[in-house]
Trainee: 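Structure provided below as structure tokens; questions to follow.
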2 protein chains.
Amino acid sequence: MNLKELAAELHLSQTTVSRALNGYPEVSEKTREIVLAAAQRFGYRPSPAARRLATGRAHALGVVFNAERNAFMDPLFVEYLAGVAETSAKEGFDILISPSTPRDEIVSFGRLARDGTVDVVILSAPQVTDARIALLSELKFPFVVHGRPPAPAGISYIDIDNFGAFQQATSFLIQLGHRRITLINGEEHFTFAQDRSRGAAIAFAAAGLPNDLLDEHFMSMTAENAYRCARQALESDARPTAILCGSILVALGVLRAAAELGLEVPRDLSIVAHDDEMPAFPAEQFHPQLTTTRSSIRAAGARVAEMALARVAGQKPGAVAEVWPVQLIVRGSTAAAPEKV
Amino acid sequence: MNLKELAAELHLSQTTVSRALNGYPEVSEKTREIVLAAAQRFGYRPSPAARRLATGRAHALGVVFNAERNAFMDPLFVEYLAGVAETSAKEGFDILISPSTPRDEIVSFGRLARDGTVDVVILSAPQVTDARIALLSELKFPFVVHGRPPAPAGISYIDIDNFGAFQQATSFLIQLGHRRITLINGEEHFTFAQDRSRGAAIAFAAAGLPNDLLDEHFMSMTAENAYRCARQALESDARPTAILCGSILVALGVLRAAAELGLEVPRDLSIVAHDDEMPAFPAEQFHPQLTTTRSSIRAAGARVAEMALARVAGQKPGAVAEVWPVQLIVRGSTAAAPEKV
DNA sequence: CGAAACTTCCAAAGCGCTTTGAACGCTCGG
DNA sequence: CCGAGCGTTCAAAGCGCTTTGGAAGTTTCG
């Protein structure tokens with residue numbers, strides 16, 4: 001059943017029926033009720049395609065799914081998506097996943113922005129120089145970002161306090177007596193990796209320690225990379241007594257390296273990992289249970305979707321700039337540094 | 001620029017331009033070339049919304065994303081989605097994620113099917129009695145399934161050989177001398193869990209062993225659940241010498257339970273896990289490296305998307321019924337059963 | 001050479017909705 | 001008693017595409 005038929009059934013014009021259904025004020029309460037009741041009764045549902053054509057609004061938000069990158073580094077993506085889904089479901093918004101390879105990610109964004117298949121896009125893991133942000137800004141297409149944009153002015157975003165998290169974690173390790181600390185960070189071009197790097201550095205400076213004791217490595221945060229990196233660090237002469245991990249996956253690799261070298265955690269090696277709360281891989285399920293800096297990526301996804309919807313509803317870009325605190329949770333993978341280094 | 005303007009620019013009718021662009025035969029090669037060149041030059045892209053309205057085809061495939069379920073049990077979902085994305089990108093199909101909670105999952109499917117926002121849906125993890133399949137069949141809405149439908153007749157699907165995988169894994173353990181084996185399976189209502197159960201049972205029967213030596217547990221396959229289950233089994237009088245795990249996550253929980261009880265893998269306990277190839281958590285990155293039955297969920301995602309597109313193109317439901325073999329890969333988590341049980 | 005059969009192109013009618021501009025009936029102040 | 005003002009409703013014009021049913025122009029063939 002379509003609008004025309006419904007209108008005919010009610011002996012009303014399409015205009016009135018449409019307005020009644022969409023809550024416009026210029027229709028009397030009485031007829032509105034009649035219309036709503038009839039729509040209910042006939043199971044009328046307006047055609048999204050037609051509405052889209054008529055209004056130019058897609059009633060959908062876009063997420064670019066970079067298959068390569070996500071497959072390797074982002075089991076987080078599901079959690080994040082779950083958050084996005086949560087709020088978009090409330091508003092009846094669809095989520096359009098635009099697949100892409102890293103190479104043509106920018107093309108995907110262009111397509112989304114120009115095609116009108118979505119009203120707004122959510123962009124995650126911003127980079128220090130981010131072509132996607134540049135493109136969307138130029139096209140004047142609405143977007144919000146999850147993570148810290150390199151130049152946050154005029155851009156709505158939500159991020160967690162990566163700086164604070166790693167400063168806190170590093171200070172904590174220093175207080176436990178650790179001096180040589182390895183930081184296994186994400187790739188250098190991500191803003192979050194930069195923030196974490198600064199956080200750790202500041203903690204060293206604050207403790208009056210020379211920052212060459214901080215051994216920092218940037219890489220794609222896979223368990224495999226982390227394993228290699230940890231192995232190398234732990235076999236070197238200047239063996240660290242603690243390792244800061246950018247993610248739970250990194251911790252997995254580090255744990256393996258330690259186990260293979262016969263090092264016991266936390267006796268010989270302390271580990272702190274950042275945990276985005278993947279319910280599938282809870283930090284408590286590792287052995288030993290991991291000390292983490294924790295923040296919910298799902299909640300962040302939900303919030304960023306809210307922002308996206310607000311943006312569609314007319315909110316100014318740059319209206320929201322939230323930085324969520326991160327909590328340090330001490331569990332079993334950290335201990336005082338061993339006596340002799 | 002829209003079709004009308006483009007046509008005006010070329011001094012041709014919209015009809016001709018539209019046909020030229022869509023490869024219809026009733027337009028001469030010469031004009032087709034001219035049209036294509038002009039479209040290219042002006043950067044013309046037809047409006048998806050308008051096309052959708054006119055044709056009734058959405059040019060999109062739907063995936064219902066059950067946020068609750070996936071968050072806890074399906075980091076696999078990303079991998080799977082990556083596969084789907086891979087092929088749908090080739091055909092320029094969009095992927096519409098329809099969020100839902102377990103409760104109203106069926107509503108989501110109904111909405112997808114009736115709204116015309118997608119042309120076909122992909123359904124995963126079919127259950128023994130599956131309301132979703134029933135609904136879509138009744139609505140005569142095109143769908144394909146990833147996993148084994150309870151009544152496969154007239155339904156296109158692709159599945160991995162869960163039966164064979166667990167038969168093989170179980171036989172392998174029996175050959176190593178294991179007699180008491182615990183199977184930590186998925187929830188009973190999933191067809192894959194049934195298939196795995198049957199596979200293990202057959203292996204016991206084939207070896208002439210009483211099947212009460214097989215201690216089977218159905219549950220949502222989280223690390224936490226697996227941990228509890230393994231802990232209980234390993235502390236019981238009839239302690240198993242081997243545990244079959246439904247997923248890598250399950251193995252994580254089992255490893256923790258073993259570690260806490262001072263059991264060494266594989267000396268005191270052998271572990272075989274099914275591995276859907278999450279690149280984020282490779283079986284090789286565990287310590288010890290896990291013996292697994294392996295199959296690529298990503299490849300399956302890609303294939304099921306192909307089937308979905310074929311379905312849209314007019315292929316009959318039930319035309320495809322593929323069962324992919326699963327390979328047993330022996331690594332470091334299995335060994336001969338300890339001498340005295 | 002004229003009818004039949006193609007080939008190539010077009011005008012116009014939708015697809016199902018929103019939204020503009022106008023009309024209709026009423027009330028009300030002057 | 002009349003026109004202004006208001007609340008309610010409607011007819012019709014899009015939105016940008018596809019597709020039907022011809023209409024020209026070209027070739028084929030008896």
Side-chain angles (χ1 to χ4, degrees), chain A residues 1-36 38-39 42-60 92-94 111 113-119 312-314, chain B residues 1-36 38-39 42-60 92 94 111 113-119 312-313:
Chain A
M1 154 152 291
N2 59 24
L3 186 62
K4 199 167 166 182
E5 291 163 17
L6 181 61
E9 195 76 37
L10 288 164
H11 300 294
L12 283 172
S13 74
Q14 292 191 38
T15 311
T16 307
V17 176
S18 170
R19 290 195 163 143
L21 293 173
N22 294 322
Y24 281 72
E26 54 270 80
V27 43
S28 74
E29 258 333 294
K30 199 172 54 189
T31 56
R32 186 190 305 280
E33 273 170 30
I34 295 174
V35 170
L36 286 173
F42 290 108
Y44 168 73
R45 299 182 48 74
S47 145
R51 163 179 292 179
R52 184 168 302 194
L53 182 58
T55 59
R57 317 274 244 67
H59 217 67
F93 260 60
D94 288 326
R111 210 165 59 84
R114 278 183 271 250
D115 270 5
T117 30
V118 300
D119 300 319
V312 171
Chain B
M1 155 154 290
N2 60 22
L3 186 62
K4 198 168 168 184
E5 291 164 16
L6 182 61
E9 195 74 39
L10 288 164
H11 300 291
L12 284 172
S13 75
Q14 293 190 39
T15 310
T16 307
V17 175
S18 170
R19 290 195 161 142
L21 292 174
N22 293 322
Y24 281 72
E26 54 271 79
V27 44
S28 74
E29 257 333 294
K30 201 171 54 189
T31 55
R32 186 189 304 280
E33 275 171 28
I34 295 174
V35 170
L36 286 174
F42 290 108
Y44 168 73
R45 300 182 49 74
S47 144
R51 163 179 294 178
R52 185 169 299 194
L53 182 59
T55 60
R57 314 276 245 66
H59 217 66
D94 288 326
R111 211 166 57 87
R114 277 182 272 249
D115 271 5
T117 31
V118 301
D119 301 318
V312 171

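Basis for what follows: all heavy atoms, side chains included, without hydrogens, waters or symmetry-related copies.
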Trainee: Would you say B/T55 reaches C/dC15's phosphate, i.e. side-chain N/O to OP1/OP2 under 4.0 Å?
Mentor: no
Trainee: Is B/S13 close enough to C/dA11 that one of its side-chain N or O atoms is under 4.0 Å from OP1 or OP2 there?
Mentor: no
Trainee: Rounded to whole angstrom units, what separation is found between the CG atom of A/N22 and the P atom of C/dG16?
Mentor: 17 Å
Trainee: Is the shortest side-chain heavy-atom distance between B/D115 and A/R45 below 4.5 Å?
Mentor: yes
Trainee: Produce a footprint string for nucleotides 22-27 of chain C: one letter per nucleotide, 5' end first; B if the base is under 4.0 Å from any protein heavy atom, S if only the sugar-phosphate is, - if neither.
Mentor: ------
Trainee: If you measure from CE on B/M1 to OH on B/Y44, what distance do you get to the nearest 0.5 Å?
Mentor: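 Result: 9.5 Å between the selected atoms.
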Trainee: Let me know the distance between CD of B/E33 and C1' of C/dT8, rounded to the nearest Å.
Mentor: 16 Å
Trainee: Any chance you could measure A/T16, atom OG1, to A/Q14, atom CD, to the nearest 0.5 Å?
Mentor: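 So the gap between those two atoms works out to 10.0 Å.
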Trainee: For A/P46 and B/T16, find the nucleotide of DNA chain C closest to each by heavy atoms; which residue's nucleotide sits nearer the 5' end?
Mentor: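 The answer here is B/T16.
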Trainee: In whole angstrom, what separates A/E26's CD from C/dG21's P?
Mentor: 14 Å
Trainee: Any side-chain N or O of A/S18 less than 4.0 Å from the OP1 or OP2 oxygen of C/dC17?
Mentor: no
Trainee: Hey, does A/D94 have a side-chain heavy atom less than 4.5 Å from the side chain of B/R111?
Mentor: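 Yes. Closest side-chain heavy atoms under 4.5 Å.
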Trainee: Between A/Y24 and D/dT8, is there a contact of a side-chain N or O with OP1 or OP2 at under 4.0 Å?
Mentor: no
Trainee: Nearest-Å distance, CD (A/Q14) to P (C/dG14)?
Mentor: 14 Å
Trainee: Can you tell me how far P of C/dA13 sits from CG of B/L53, to the nearest Å?
Mentor: 17 Å
Trainee: In whole angstrom, what separates B/L3's CG from D/dG16's P?
Mentor: 11 Å
Trainee: With a 4.0 Å limit, can you tell me whether B/N2 has a side-chain N or O closer than that to the phosphate oxygens OP1/OP2 of D/dC15?
Mentor: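 Result: no.
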Trainee: Given side chains that start at C-beta, do those of B/N22 and B/R51 come closer than 4.5 Å, heavy atoms only?
Mentor: yes
Trainee: Within the side chain of B/D119, is there an N or O that forms a donor-acceptor pair under 3.5 Å with the backbone of B/V312?
Mentor: no
Trainee: Report which part of the nucleic acid A/T15 touches: base, sugar-phosphate, or nothing (heavy-atom distance under 4.0 Å, all strands).
Mentor: base
Trainee: Please list each protein N or O that sits under 3.5 Å from an N or O in nucleotides 5-7 of chain D, with the distance.
Mentor:
none

Trainee: B/R52 versus B/R57: any side-chain heavy-atom pair under 4.5 Å?
Mentor: no
Trainee: So, is A/T31 close to the D/dT9 phosphate, meaning a side-chain N or O under 4.0 Å from OP1 or OP2?
Mentor: yes
Trainee: Should A/L3 and A/S18 count as side-chain neighbours, where that means a heavy-atom distance under 4.5 Å?
Mentor: yes
Trainee: A/G116 and A/A58: which non-hydrogen atoms are nearest, and at how many Å?
Mentor: O-CB, 3.6 Å
Trainee: Could you tell me whether a side-chain N or O of B/R19 sits under 3.5 Å from a main-chain N or O of B/Y24, the two making a donor and an acceptor?
Mentor: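 A pair under 3.5 Å: no.
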Trainee: Can you measure B/Y44 atom OH to D/dG16 atom P for me and round it to whole angstrom units?
Mentor: 10 Å
Trainee: Can you measure A/R52 atom CZ to D/dG14 atom P for me and round it to whole angstrom units?
Mentor: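 My rounded result for the distance is 23 Å.
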